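Here's the structure, in structure tokens; my notes come after.
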Amino acid sequence: ALNLLLVTLMAAMEFTNFHGLVRSKSQLDKISGTSSWDSSAFCTHAIRSDGGPVGVAFTPLCAQQSVMCGLASGTKERLAENAENCWKSIDFAAHNYNGEFAVYENGRSRGKFGTYTAGCRVEVRVNAQGGVEYCVDGQVRYTSKQTPEYPLHPKICAYSTGPLAKDF
């Protein structure tokens with residue numbers, strides 16, 4: 001039931017504050033011509049400890065693209081941060097690159113947790129106990145040891161250019 005709820009709620013989320021990214025229907029593409037961590041967007045809808053949306057879910061379009069997507073806390077200015085290495089402002093990030101599924105929290109690697117393919121479903125969500133889980137196709141790959149600070153906002157940062165992800 002949690003996965004169905006997550007997918008249903010995430011379908012209504014809209015990313016804003018686009019820097020180097022463009023949304024086309026249900027897809028995000030990186031339009032800047034450089035391969036660097038200089039493109040991002042975030043969602044103004046807040047995930048709160050008292051209910052509502054429980055995370056962010058997306059479908060990678062290519063296994064070779066380098067993308068981080070997850071949950072970020074803080075002010076609008078921190079969320080909009082788009083300096084080199086913008087991914088460091090994501091508290092709980094799923095990193096998809098070359099078919100490997102990795103986890104980063106506040107800019108630090110927590111490790112690699114298996115693989116993914118284009119078309120799979122990646123989720124970063126808050127579970128019923130208040131912990132943050134990282135999932136691929138409904139399978140929990142890692143549960144954070146870090147306590148989330150609310151509110152949390154979905155955020156995406158991209159290194160690679162071209163089509164990135166869809167079905168947020």
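Here the structure is a predicted model, which means the values were calculated and not measured.
Atoms CZ and SG, on F101 and C135 in that order, are 7.5 Å from each other to the nearest 0.5 Å. For the atom pair W37 CH2 and K88 NZ, the distance stands at 11.5 Å (nearest 0.5 Å). Residue W87 holds its CH2 atom at 10.5 Å from CG of N106, rounded to the nearest 0.5 Å. One finds the CZ atom of R141 at 11.5 Å from the CD atom of E123 (value rounded to the nearest 0.5 Å).
Contact annotation: the side chain of S73 never approaches that of Y150 to less than 4.5 Å [non-hydrogen atoms, C-beta and beyond]. Proximity of N96 to V122: side-chain heavy atoms (C-beta onward) are separated by under 4.5 Å at one or more points. The closest side-chain heavy-atom distance from L71 to I90 is not below 4.5 Å. Side chains of P154 and I47 form a contact here, defined as non-hydrogen atoms less than 4.5 Å apart. Counting heavy atoms from C-beta on, the side chains of S40 and K155 come closer than 4.5 Å. Between P60 and C120, the closest side-chain pair of non-hydrogen atoms falls below 4.5 Å.
With sequence neighbours excluded, no residue forms a side-chain hydrogen bond (donor to acceptor under 3.5 Å, both in side chains) with E149. Remark: Y97 pairs with S66, H95 by the side-chain contact (heavy atoms from CB on, under 4.5 Å) rule, at least two apart or across chains. Contacts of R110 classified as salt bridge (charged side-chain N to carboxylate O under 4.0 Å, His left out), with partners at least two apart in sequence or in another chain: E105. For E100, the side-chain hydrogen bond (donor to acceptor under 3.5 Å, both in side chains) partners two or more places apart in sequence, or in a different chain, are K112. The side-chain contact (heavy atoms from CB on, under 4.5 Å) test applied to T143 returns N127, E133, V140, not counting sequence neighbours.
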(request) Output, in order, the C-alpha distance, side-chain angles, deciding distance and verdict of side-chain contact (heavy atoms from CB on, under 4.5 Å) for C69 and V124. (result) CA-CA 8 Å; C69 186; V124 180; over 6 Å; no
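Sorted by first and then second residue, the ring pair (Phe, Tyr, Trp, His ring centres under 6.0 Å) pairs with a member in residues 112-133 read F113-Y142; sequence neighbours excluded.
D91 and A72 make their closest contact through OD1-CA, 3.8 Å (heavy atoms, listed as atom of the first residue, atom of the second, distance).
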